[in-house]
Amino acid sequence: MFVKNAMPIPNSDIADMLNQTADLLEIQDENPFRVRAYRNASRTVRNLSGNAAEMIAEGTDLTEYQGIGKDLAGKIGQIVETGAFDVLTSLRQQIPGELDKLMHISGLGAKRVARLYKELDITNLEQLKQAVDSGRIRDVEGFGKKTEDNIREEIGRLMGADQKRLKIAVVEDLAAPLVAYLKKGEGVKQVTVAGSFRRRKDTVGDLDILVTCKKHSNIMDHFTRYEDVQKIVSKGATRSTVLLRSNFQVDVRVMQDANYGAALMYFTGSKEHNIAVRKIGLQKKLKLNEYGLFRGEKRVAGRTESEVYARIGLPYIEPELRENRGEVEAAQANRLPKLVKLTDIKGDLHVHTNYTDGHNSIREMAEAAKALGYSYVAITDHSQHLTIAGGLQPDALRKQMEEIEAIDQSLRGITLLKGTEVDILENGTLDWPSDLLADLDVRVCSIHHQFTLSKEQQTTRILKAMDNPYFNILGHPTGRLIQDRQAYAVDMERIMKAAAERGCLLEVNAHSDRLDLNDIHCKMAAELGVTVVISTDSHRTSHLENMRLGVGQARRGWLEAGNVANTRTLGELRKLLKPR
DNA sequence: GCCGTTTTCGGCCCGACTGTTTTCAGTCG
């Protein structure tokens, strides 16, 4: 049985085990639909808003979820109870080494990995490298010189430093000049970045770019001549793939304007969303592909995405929702959220200045916020405990508050709020005395040390801090740094329930390294009735524009303007920030 | 292994590109 005090197994671990099972079954040439069933269940578990182990303990029947039937629900139960999965264990005994890892080499799938094992006894990357170097690979049926070269290159890439997915802000910087370049191609009409970039995922694995242009364009030649191209992986009339010098992959697909909507849907994905939508189409005898929506041979839609969705009988689904996390069902029931937009945001509530570790002055940050059209901005520098970031002493904070008031008097069209980013100390107290907290307008409360406390201790620490009547906003609630630092262990559901009860707000930190809360947590917040604040944690004026990244995550988490405190007018906002 | 306005069996999204092939399997998205 699930022991209450033991750390429950995270959803990601369960999902990984199911996915590894799928890989190994595929290597065994199992029924491909059984393989797919494991992959689907893996994805469903990964996307659950609650912890599967806790849900099971509370009596939730996992078969309610898409892709989990009686059998897999039982198997997930076993994983949760024992921490192990006998199907996977037995497969690992039958299949030696790291064959499933070899599958993740681009160009090698289950079939070829199995063949390499059967014929050359290759079970790991090192053996594969030796087989390539000695030329034995070429003797295997279906493997030729080109394949050998490809594998050699891929191994080199894998053994070198590679982090394939990049943070979305980094990808924005790669995409902008490439899009500008493509637009200069002969006969080019539209250039749109699709894929996970358009869905605003926090990291992006490759760029999918859709180009529409006149017939007989030489756009693919133009594309592959782009100066940052390191290698042309494939090049065809309608689709080409290259690697940039940074090893980042870019796919370009060429379409005619009449197909634009269908193609954009197709290339935006997610794959799982597209499959779900196509299934609904099939029920109505409609076939959907990147060239349009067809009834038999007849094309019935395709020019715009809205047209395609409408013809299938669905309202338009925003790209950020297209993860098959319930949006298709919500669309069928006409219960899609009306997502928050960047233009709904009326102010930024987490901004640093050169009083602590920011680069710009109070006035410069305020002017920059005003230029974005905001009606308020809060200055929230660090508290005394955070010496490494030049945390303020109480008298320095008093002096800053006076300066904020003075500058506020001199500004028109924007209100400057006196704020703080106050440390939550290890015992759950805040790093300022109550009399100081009382004189501030906004208190962002954050954890900046002792990341390694147990889940129970960390959760208790935060809950205790929330007992403070001046606690407004939990800053970067999990402390994760994308691809750099794991989230610290917290019971997010308990924290959110407590926040909802007490009127505390949770931050969606829009800094490109954080995006914390993440998308799944945002959705959980909406479900639990927690109001969030989307803030940039700016340390220089240019960071204020990161708001778009935070809004992207909020949209991926199904948040509406009503779920977001800083879409409200200053008067309404102040009510939420009053001490309790 | 899942699922059901095609409903408890018999389906399961669909097409492009490559490489190794002489007509297509494997891989990818």
Side-chain angles (χ1 to χ4, degrees), chain A residues 18 21-23 25-27 29-44 62-76 87 102-116 137-151 154 164 194-197 199 204-210 220 232-242 249-255 259 262-263 265-294 312-313 324 328 332:
Chain A
L18 293 174
T21 306
D23 284 348
L25 288 172
E26 204 176 356
I27 290 170
D29 204 19
E30 251 286 354
N31 175 357
F33 300 107
R34 186 177 170 219
V35 173
R36 184 186 295 173
Y38 275 92
R39 294 205 198 287
N40 287 340
S42 166
R43 198 186 45 74
T44 297
L62 290 184
T63 63
E64 287 167 26
Y65 292 87
Q66 193 55 235
I68 300 180
K70 209 174 158 192
D71 185 86
L72 276 166
K75 285 170 173 158
I76 293 166
V87 175
L102 295 184
M103 270 177 74
H104 297 132
I105 292 176
S106 163
L108 287 186
K111 294 276 162 56
R112 312 184 93 179
V113 165
R115 171 155 271 167
L116 288 175
I137 285 275
R138 256 180 285 180
D139 301 336
V140 182
E141 197 191 331
F143 287 76
K145 170 105 177 52
K146 292 253 182 150
T147 307
E148 178 186 301
D149 290 345
N150 259 330
I151 294 175
E154 281 296 315
K164 275 189 113 180
S196 55
F197 182 89
R199 303 199 311 276
V204 176
D206 63 6
L207 270 181
D208 297 301
I209 303 180
L210 175 62
M220 286 311 188
I232 301 171
V233 178
S234 69
K235 184 177 170 190
T238 65
R239 170 181 161 180
S240 298
T241 299
V242 305
Q249 181 173 313
V250 182
D251 292 348
V252 164
R253 314 280 300 235
V254 178
M255 285 286 158
N259 304 334
M265 252 178 96
Y266 178 82
F267 299 129
T268 297
S270 68
K271 192 177 154 192
E272 291 78 13
H273 172 85
N274 287 345
I275 289 172
V277 171
R278 279 175 190 174
K279 277 187 187 167
I280 294 175
L282 282 179
Q283 289 165 7
K284 304 182 179 179
K285 307 251 188 263
L286 293 165
K287 188 181 78 163
L288 177 62
N289 61 28
E290 59 263 56
Y291 299 108
L293 186 67
F294 298 86
I312 288 181
N324 199 24
V328 176
Q332 285 179 300

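Chain A is the first sequence line, chain B the second, and so forth, proteins listed ahead of strands; every chain is numbered from 1. Worth saying up front: this structure is predicted, and the values here are computed from it rather than measured. Side chains are part of it too, since the values below use all heavy atoms of this structure and drop only hydrogens, waters and symmetry mates.
With C1' as the reference atom, B:dT8 and B:dC3 are 10 Å apart, rounded to whole Å. Using atom P as the reference point in both B:dG15 and B:dG10, the two lie 25 Å apart (nearest Å). Nucleotides B:dA16 and B:dT21 have their P atoms positioned 24 Å apart, rounded to a whole Å.
In this structure, A:Y65 does not reach the B:dC3 phosphate: none of its side-chain N or O atoms is under 4.0 Å from OP1 or OP2. The side chain of A:Q249 places no N or O atom within less than 4.0 Å of a non-bridging phosphate oxygen (OP1 or OP2) of B:dC28. A:R34 has a side-chain polar atom (N or O) that falls below the 4.0 Å cut-off from OP1 or OP2 of B:dG1. Distances shown here put every side-chain N or O of A:K70 at or beyond 4.0 Å from the OP1 or OP2 atom of B:dC3. Between A:S234 and the phosphate of B:dA16, there is no side-chain N or O to OP1/OP2 separation shorter than 4.0 Å. Distances shown here put a side-chain N or O of A:T147 below 4.0 Å from the OP1 or OP2 atom of B:dT20. Close to B:dG1, at under 4.0 Å from its OP1 or OP2, lies a side-chain N or O of A:K75.
Remark: A:F197 CZ is packed, more than 12 non-hydrogen atoms of other residues, nucleotides or ligands lying under 6.0 Å away. The neighbour count for A:K235 NZ, taken as heavy atoms of other residues, nucleotides or ligands under 6.0 Å away, is above 12.
Both distances falling under 3.5 Å, in either a Watson-Crick or a G-U wobble arrangement, place B:dC14 opposite B:dG29.
Within the 4.0 angstrom heavy-atom criterion, no nucleotide atom of any strand lies near A:A41.
Between the base of B:dG29 and the side chain of A:Y266 there is a donor-acceptor pair shorter than 3.5 Å. Looking at A:N40, its side chain has no donor and acceptor atom pair within 3.5 Å of the base of B:dG1.
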